[in-house]
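Shown next, in structure tokens, is the structure this report addresses.
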Amino acid sequence: MMGQWDVAIERALQNNIPRVEQILSENPYILDLAREIRETKLAVLEHLDDYVQKTIRAVERTGGRAYLARDAEEARKIVDDIIGERKRVVFSKSNVAYEVGLREHLVSRGLDAWETDLGEYLIQLTGEPPAHIVFPALHMPKEAVGDLLNRFLNGAVNSGSTHEEMVAAVRSFLMEKYMKAQVGITGANAVAADTGSVALLENEGNIRMDTVVPEVHIAITGIDKIVPTLHDAMKELIVQAAYGGLYPPSYINISSGPSSTADIELKRVSPATGPREFHVILLDNGRSMANRDPGLREALLCIKCGRCYFSCPVYRVMGASWGDPPYGGPMGAMWSAIIKGDYRQANLCTHSGGCRDVCPVGIDIPRVLEYIKWRSVSHE
Ligand code: SF4
């Protein structure tokens, strides 16, 4: 008999793999963009410190504030200082926010903090780790989602409800949270060093709400997300959307500084209708160390598209129990070593090579994992 994970992964594979293949065959230019991104990111890694400083200066030129956080604790402290006495926070899905334990931290301080990405909202309700870097609630079949929402949304839906009814029930819960939120926290799919812009990709519309309705927008992301130009950032968004099976994306959001207007005598005034504050937190947390290590550096090219999970036999069996959340699957075995110094996750890799074949930026994941295995043995 199939368990819940078997049902969920089977449905996810059926829905996602043919869709991505169709997107790529209909839009072959995306394969060229992916190759260009690899070269661009390699060039950034050669001068990563310079790009971090360039990005910080660019954010401040647009009226924002930028910070370099060495580790998770420093990132949480920066966020605490920005938020001050404010109490109501909405999150859009951010793997780096998860990496530093930000939501739990804010909730433990008594703040009303809610995830607004549907999958991440389900994860918040269950308290379980995410099962995938792009689709965090992938492990939950529809019936389980219905049961969960039935408990948390006062019976508005149940296990027999349709997908549409469940989405509508969550939408009406979250709409109230958006309208009252004082702070919106997002990640970044890419950060442009030339303009200081944060580029975000989505289909739900929640990121638009999180970045525009609250008076403060905080974007927290890794230094590996920096690309030289806004043009490069747009290329990366298109590739991420395609490899996630979400092409064309419903929305692309670019945030460059707080809201402003020049509609009265062309004098620029800030804020306008949107946020009055724009903050970008660039997290290191092991990334510089990995960049200095020739065996790990290639992992920093990862654009977190999540494609490698589905071609991996180990992930298909183990699901969320492989890796250090939010980083799982083949990419997570690499990132667990970078972020947590956890070299053991790589030992589960069977070297089938499927991940390498589908990775848009051509990371030789088995080779990186082989290196990590060697490190784990040589450091014992
Ligand atoms: S390792 Fe490659 S396929 Fe896997 S998430 Fe990163 S970019 Fe995507």
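When a residue number appears, it is its place in the shown sequence, counting from 1. In each ligand, atom 1 is the first atom listed, and ligand 1 is the first ligand listed. Heavy-atom basis, side chains included; hydrogens, waters and symmetry copies ignored.
- Every atom of ligand 1 is numbered from 1 in the order shown, and the set under 4.0 Å from a heavy atom of Ile365 is 1 (S).
- A tilted orientation is assigned to the rings of Tyr309 and His132, their planes being inclined by 30° to 60°.
- Among protein heavy atoms, atom 5 (S) of ligand 1 sits closest to Gly306 N, 3.2 Å.
- Inspection of the Asp80 and His105 side chains reveals an N or O donor paired with an N or O acceptor under 3.5 Å.
- Distances from atom 7 (S) of ligand 1 to the heavy atoms of Ile363, Leu301, Val358, Ile303 put Ile303 nearest.
- Residues Ile23 and Leu13 are members of one and the same hydrophobic cluster, defined by side-chain heavy-atom contacts under 4.5 angstrom among Ile, Leu, Val, Met, Phe, Trp and Tyr.
- If you check each of Gly362, Cys308, Cys312 against atom 4 (Fe) of ligand 1, the one with the closest non-hydrogen atom is Cys308.
- Salt bridge annotation for Arg70-Asp284: absent, with no cationic side-chain nitrogen under 4.0 angstrom from a carboxylate oxygen.
- Counting protein heavy atoms only, atom 6 (Fe) of ligand 1 is closest to Cys302 SG, 2.4 Å.
- A donor and an acceptor atom, one from each side chain of Tyr327 and Glu99, are located under 3.5 Å apart.
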Trp5 and Tyr315: ring-ring contact (aromatic ring centres under 6.0 Å, His included), yes or no, with the steps? CA-CA 11 Å; Trp5 168 248; Tyr315 175 72; 5.5 Å; yes
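- What sits closest to atom 8 (Fe) of ligand 1 on the protein, heavy atoms only, is Cys305 SG, 2.4 Å.
- At least one N, O or S atom of Cys359 sits under 2.8 Å from atom 2 (Fe) of ligand 1.
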